[in-house]
Every structure is written in C-alpha cells, then in structure tokens.
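Notes to accompany the following structure.
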Amino acid sequence: MQVSQVLFNPNLNLKTPVNQAPVQKISFGSAPDSFARGVSSFATDLTQLVRTKFHTPNQFIEVLNKHPKASRFLGVVPESWSGGSADKAAQIQAVFTKFAKSTCVPDTKEMLVLDIPYDFKIKIAAKMLELKMNKILGKKTHIEPLDSGAYGKTFILNDGKENFVIKTFHTGMDGGYSIHGRGAEVLNACFASENATKGEFSDFYFGQFARKDDKDGFLVTKYIDKTNASAENVIGRRLYDWAQYIKVADDCFENHIGGTIIDFGHLEVNEDLADRKMRFIVKLIVETIDAQKADRIKPIIKQYGKTKEFTDAIKYLRKKAATDKFYLAPLEREILNRFLNIK
C-alpha cells in the first residue's frame with residue numbers, strides 16, 4: 001500500500017485523505033496559528049535549527065560560537081503584535097530584553113527569601129513594560145507578577161484579547177543550568193513547539209536564550225488555566241510513556257495544568273521516536289490499547305500495515321513490552337499482543 005503524502009504532511013497538521021476512512025487525527029506542534037505568521041527581525045535566525053533538532057545549552061553555545069552574528073532570540077513575534085513589521089518586532093524584542101534584565105535576580109539567597117524591595121522593583125518593571133507595550137501596540141495592555149520559583153519569575157500579560165505568560169530567569173542556580181532556567185527552557189520550548197503533540201505543552205511564541213554570563217533570558221508562552229488546558233492528562237501513565245517523544249523528567253503537579261505542560265525545564269527526548277511518521281503510529285496504537293477498542297486494529301493495519309514506519313513501530317513496541325513490565329487490563333493486553341504478533 002502506498003503511503004499517503006497528505007497524511008504525512010510536512011506542515012505537521014496530520015490529515016487523513018478524503019478517500020480513506022479516518023482512524024485518528026493527531027496534530028504535532030504546540031505553536032499557535034499566529035506563530036507561523038509572526039515576524040523575526042534577524043538576518044541570521046537559528047529558530048528553525050532549534051525547532052528541528054534538540055539542543056542542550058552547551059550544544060547551542062557551540063552553534064553561537066560558530067555563528068557570532070546569529071541572534072539568541074528564538075521564535076517569532078506574533079503578527080497580532082508586530083502587524084507584520086520587522087521594526088516593530090525588533091522594538092518588542094528590545095523592551096522584553098530590558099525587562100528581563102531588570103527582573104533578573106543574580107543572588108540565590110535574594111530569591112529564596114521575601115525581599116520587599118525586590119518585590120516592589122519587579123512591580124515597577126512590569127508597569128514600565130506595560131507602558132512600552134501600550135505605545136508599541138497602540139492599545140492598552142496589562143502586565144502583573146504571577147508566580148516565582150527557583151529558576152525564574154512569571155508575569156501575566158493581557159493584550160486586550162489574549163493572556164500570555166512572560167518568564168524571566170534568575171542567575172543564581174547555575175548548578176541546574178544544563179536542564180533548567182534561562183538556557184534550557186527557551187531551547188526546550190522552541191523544540192517542543194514543533195515536535196510535541198498539539199496541546200501537550202503550552203504554546204510557545206518567542207524567547208531569548210541566555211548564556212551563563214547573560215542576564216537577559218526570557219520566554220513568552222500562552223497562559224494556561226483550567227478553561228483552556230488539554231482535558232486528557234496522560235502525564236505519568238506508563239503506557240503513554242511508550243509514545244512520549246518529549247517527556248518532562250520532573251513530573252510534579254506544579255509543572256502541568258490538566259493535560260498541558262506549562263514548565264519547560266528538564267525535558268528528555270526519546271530518540272527511538274525521532275521519526276515523526278513512526279511515532280504517529282506508535283501513539284495511534286497506544287491510544288487504541290488505552291481505549292480498549294479492538295475494532296480499530298484492522299483499520300490501522302489496513303491503512304499503515306505495509307509501511308516501513310508501521311514495521312518500525314511494531315519493533316519498538318516489542319522492545320518496550322519486553323523491558324517495561326506493568327499491569328494492563330485483559331483487553332488492553334489482548335490488543336497489544338495482537339499488534340505485537342503481526343508478522
């Protein structure tokens with residue numbers, strides 16, 4: 001059977017061709033629609049590189065060293081903010097950079113105790129950013145502090161239509177620089193925007209990577225609450241771990257709302273699932289097992305059974321089933337075995 005070119009569309013919205021009965025539709029990429037229409041004001045933009053290949057902070061620093069004119073700014077300013085103007089996008093990047101510097105805490109002790117002068121300082125910084133954004137966008141915005149943690153502080157920005165989260169980073173926790181904070185989280189958010197299942201992570205808009213000596217790292221994502229979070233929470237469920245290409249190693253309740261991950265620290269990538277077509281099929285099979293829908297088996301085999309990706313998916317699941325033992329309900333086990341026994 002010929003593999004459909006519509007189904008494996010490089011634009012990442014996986015669609016079943018109209019002449020085939022739909023089995024399942026999964027969209028990859030957590031970037032919002034406006035992301036693709038946004039504006040980058042830089043001639044040497046490393047966004048696409050980071051979207052398509054997972055980088056640790058040290059690996060990305062090596063890239064920057066090889067391309068000294070490249071910007072540390074990743075993502076694009078939404079068109080709803082820039083109006084398609086590169087100059088306006090550059091202005092927004094500049095005011096966010098200044099805001100990140102003004103809210104950066106260089107000393108670990110300062111951020112772990114209640115510091116009234118610092119609390120007042122960040123409120124003033126938020127108000128200054130609000131006034132600058134009002135001027136750039138030509139409309140009223142509102143920005144206020146939201147939360148604070150070991151690696152950064154968050155703010156909520158409302159532009160009159162949508163809510164966004166701005167995260168600026170501390171510099172006093174460099175022991176975790178490789179997996180958390182101003183380096184890793186910006187890279188992880190950009191990578192997840194292209195490779196995670198839609199709704200798995202909060203939408204990434206733009207951010208700025210910071211090296212250890214930089215104090216201007218920040219991240220802008222969609223504000224998530226119970227009204228817009230993914231309804232299905234599969235985080236920590238062993239069966240779904242098999243289909244997770246990007247996994248949060250720190251699986252605590254503070255890192256997600258419902259089924260949507262809101263913290264981009266300490267992500268792990270399962271390189272066995274690097275092929276997008278193959279992991280689509282793995283996820284499809286895992287969801288079929290979890291739903292206990294034995295009637296989906298034949299349609300899946302009919303649609304994908306003769307593809308290389310299906311063969312690779314079965315090999316991968318056989319390996320996982322042999323090494324990762326946990327309880328499955330009788331029907332779940334039966335469906336899994338029917339897939340694993342395919343010759």
Side-chain angles (χ1 to χ4, degrees), residues 12 26-32 35 46-63 72 74-75 147 149-152 154 165 167-170 173-212 217-222 224 229-230 232-238 240-276 279-280 282-283 286 320:
L12 310 184
I26 299 172
S27 295
F28 289 104
S30 64
F35 185 100
L46 298 176
T47 296
Q48 188 58 30
L49 174 67
V50 177
R51 285 186 198 169
T52 53
K53 178 177 170 54
F54 183 78
H55 288 76
T56 65
N58 286 338
Q59 288 171 337
F60 190 64
I61 288 171
E62 290 181 8
V63 173
R72 294 181 285 112
L74 299 172
D147 201 357
Y151 291 92
T154 57
V165 172
K167 185 170 186 178
T168 60
F169 296 98
H170 306 312
M173 300 287 283
D174 284 346
Y177 177 78
S178 64
I179 56 176
H180 288 286
R182 63 196 187 282
E185 292 186 35
V186 179
L187 297 172
N188 291 348
C190 189
F191 181 77
S193 72
E194 183 83 354
N195 295 280
T197 303
K198 184 71 174 176
E200 187 179 358
F201 288 85
S202 57
D203 293 344
F204 165 72
Y205 289 90
F206 60 91
Q208 185 155 269
F209 172 84
R211 296 158 297 202
K212 285 189 176 181
F218 65 86
L219 182 61
V220 179
T221 58
K222 182 176 182 177
I224 299 294
S230 176
E232 185 175 24
N233 185 2
V234 300
I235 299 168
R237 287 164 61 179
R238 295 280 296 281
Y240 274 87
D241 280 351
W242 291 4
Q244 290 294 107
Y245 178 46
I246 306 172
K247 182 181 177 181
V248 179
D250 295 337
D251 182 25
C252 66
F253 73 94
E254 295 175 331
N255 289 342
H256 59 87
I257 297 175
T260 301
I261 299 166
I262 59 172
D263 190 295
F264 291 92
H266 204 176
L267 299 190
E268 295 177 346
V269 174
N270 181 357
E271 293 297 344
D272 287 341
L273 295 175
D275 185 279
R276 187 168 314 205
R279 73 173 179 265
F280 170 85
V282 169
K283 189 174 182 69
V286 165
K320 297 298 290 186

To the nearest 0.5 Å, what is the distance between [atom1] ([X]) and [atom2] ([Y])?
| X | Y | atom1 | atom2 | result |
| --- | --- | --- | --- | --- |
| Asn188 | Ile179 | CG | CD1 | 10.0 Å |
| Thr56 | Leu267 | OG1 | CG | 12.5 Å |
| Phe204 | Phe191 | CZ | CZ | 13.0 Å |
| Thr154 | Asp263 | OG1 | CG | 10.0 Å |
| Phe206 | Leu219 | CZ | CG | 9.5 Å |
| Arg51 | Leu49 | CZ | CG | 11.5 Å |

Is it true that a side-chain atom of [X] and a backbone atom of [Y] form a donor plus acceptor pair closer than 3.5 Å?
| X | Y | answer |
| --- | --- | --- |
| Arg72 | Gln208 | no |
| Thr47 | Gly75 | yes |
| Thr260 | Ser202 | no |
| Asn195 | Thr52 | no |
| Arg182 | Thr168 | no |

Least distance between heavy atoms, [X] atom then [Y] atom:
| X | Y | value |
| --- | --- | --- |
| Ile61 | Arg211 | CG1-CG, 3.8 Å |
| Lys222 | Tyr205 | N-CE1, 3.6 Å |
| Gly199 | Ser230 | O-CB, 3.5 Å |

Contacts of Asn58 that satisfy side chain to side chain donor-acceptor pair (under 3.5 Å) - sequence neighbours left out: none

Answer yes or no: is there a side-chain heavy-atom contact under 4.5 Å between [X] and [Y]?
| X | Y | result |
| --- | --- | --- |
| Phe209 | Pro57 | yes |
| Leu74 | Phe60 | yes |
| Thr221 | Phe264 | yes |
| Glu200 | Gln244 | yes |

Non-neighbouring partners of Glu268 that pass side-chain contact (heavy atoms from CB on, under 4.5 Å), sequence neighbours left out: Ala249, His266

Set of side-chain contact (heavy atoms from CB on, under 4.5 Å) partners for Leu273, sequence neighbours left out: Tyr245, Asn270, Met278, Arg279, Val282, Tyr316

